[in-house]
Amino acid sequence: MTIVTETVPSRIKSTDPLHEPRELTAEQREVFRVRAREARLAKIAAASGVGETPLHEVNVPTFDPDELMPQLPSNGITTLSLFSGGGGLDLGFDRAGFVHRGSWEWMSDAAATIRVARPEWDVYGGTELGDVRNVDWRAFRNQIDVVHGGPPCQPFSNAGKQRGAQDPRDMWPEFVRAVRAVRPRAFVAENVAALASATFSDYVEEHILAPLRGAYEIQRVLLQAYEFGVPQVRRRVFFIGFRTKTMAKKWRAPSAKFRRIDDSESNLPAVTGVRKALGLPDIGYDGISPTIRSGLSGPRHTTSILSSVSAQRKFEALNVWPNGVAASREAASAYVTKNGHFRLSVADVALLQGFPETWPFQGATYMQLGQIGNSVVPPVAYAVASSVAEAFK
Ligand SMILES: C[S@@+](CC[C@H](N)C(=O)[O-])C[C@H]1O[C@@H](n2cnc3c(N)ncnc32)[C@H](O)[C@@H]1O
């Protein structure tokens with residue numbers, strides 16, 4: 001006998017046009033609904049002063065990502081940004097002195113973040129104007145120096161089904177189309193480290209390298225966020241292509257500037273730990289954050305930044321609670337966690353991803369966290385951008 005279990009759709013509207021909501025039965029959905037309702041009520045009670053006495057003061061961070069990426073004067077090198085998200089890559093290129101000419105991002109809230117941060121920029125957002133598939137890039141032919149972007153990583157991420165080219169979210173062909181039409185002097189594309197693994201070597205050869213090889217010298221580098229001063233384990237691959245052999249030969253991959261706190265063999269300065277960065281009291285232990293994941297990539301929109309069970313253990317050791325991230329530091333301090341650990345706010349998570357306090361993420365809390373978790377760590381983007389600028393000299 002086969003048991004047919006009917007799933008019911010979520011009432012919450014998806015904001016990512018290709019979001020694949022989790023298939024749940026009515027009973028399963030009810031469990032989530034009850035849990036969400038309890039959390040909402042506890043949050044409201046805390047905000048009105050009815051909750052438990054706050055365990056911690058509102059924290060005052062000591063970490064300023066802007067110090068890792070001092071603003072460089074304009075280098076005159078123009079850029080187009082595709083799949084811009086909340087602007088991590090854009091910010092890194094901007095601080096490295098590049099001249100922004102346009103960003104395309106189909107999630108309206110993410111595009112709004114960049115627009116609010118840089119009102120003078122041309123930002124194309126929303127499912128019509130912001131969709132890179134609708135753009136005729138020939139209008140920019142030979143007029144742009146660098147095209148950069150991070151096509152969605154879900155088709156390749158270890159956290160997903162790794163369907164590669166079979167995943168409707170695979171936008172690499174669109175990035176390649178833009179580069180071939182614009183013919184910039186260089187391009188930079190970022191993705192999850194899994195794309196550099198053997199699993200996807202055929203994909204990379206067929207869909208990225210082969211169609212661009214005739215026109216570009218392409219190099220690949222894996223970079224780790226904490227090596228650039230941001231307290232997080234986050235390894236990402238960058239494909240860097242140059243139109244001329246001379247530039248390609250001149251390019252040097254960015255080198256590490258910081259070491260892990262527990263690496264006693266390196267002479268580099270130690271990266272700041274999460275607790276120190278966020279201005280939390282000394283508990284006799286500090287370390288870096290596990291990879292912050294984007295809830296937008298998952299089947300359920302969430303305010304958790306947890307990527308795995310081992311990440312949970314790392315947060316526990318730090319006495320930091322990675323779920324139910326609050327909208328503000330004040331709300332985080334008022335809304336006491338069950339295990340007495342520090343509750344994160346969106347601003348704290350942004351810092352752990354290398355965004356300065358001033359970067360104005362827009363949208364609901366889960367949406368802001370999604371933009372953060374999807375982004376290139378700006379100081380890493382800055383290091384890559386600076387290395388590319390050197391090759392232009
Ligand atoms: C990995 S994120 C990029 C993050 C960005 N590089 C940063 O540093 O903040 C990929 C982005 O591509 C966007 N996207 C996916 N398909 C798109 C399309 N067809 N047109 C425009 N944006 C798209 C997603 O909404 C998501 O924000």
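The residues of the chain are indexed from 1 along the displayed sequence. Heavy-atom basis, side chains included; hydrogens, waters and symmetry copies ignored. Just follow the structure's listing: the first ligand is 1, and inside any ligand the first atom is 1.
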Minimum side-chain heavy-atom gap Val230-Pro65 below 4.5 Å
no
Can you pull out every side chain to side chain donor-acceptor pair (under 3.5 Å) where at least one residue sits in residues 269-292? Sequence neighbours excluded, please.
none
Enumerated ligand 1 atoms positioned under 4.0 Å from heavy atoms of Gly130:
20 (N), 21 (C)
Just distances here: any N/O of Glu105 and N/O of ligand 1 closer than 3.5 Å?
yes
For Asp131 and ligand 1, does the shortest N/O to N/O distance drop below 3.5 Å?
yes
Taking the side chain as C-beta and beyond, is there a heavy-atom pair between Ile208 and Leu195 under 4.5 Å?
yes
Ligand 1 to Val132 polar contact by distance, N or O atoms, under 3.5 Å:
yes
So for ligand 1, is Met171 a polar contact partner (N or O within less than 3.5 Å, distance only)?
no
Using a plain distance cutoff, I'd like to know if Trp106 has any nitrogen or oxygen under 3.5 Å from a nitrogen or oxygen of ligand 1.
yes
Centres of the Tyr216 and Phe187 rings: under 6.0 Å?
yes
Counting heavy atoms under 4.0 Å, the part of Ser84 that contacts ligand 1 is backbone
Quick one: list whatever passes side-chain contact (heavy atoms from CB on, under 4.5 Å) with Val176, sequence neighbours left out.
Arg180, Pro211, Leu212
Under 3.5 Å between any N/O of Leu89 and any N/O of ligand 1: does that happen in this structure?
yes
Counting only nitrogen or oxygen atoms and a 3.5 angstrom limit, does Gly88 reach ligand 1?
yes
Give a yes or no on whether a salt bridge exists between Arg329 and Glu357, defined as a side-chain N under 4.0 angstrom from a carboxylate O.
yes
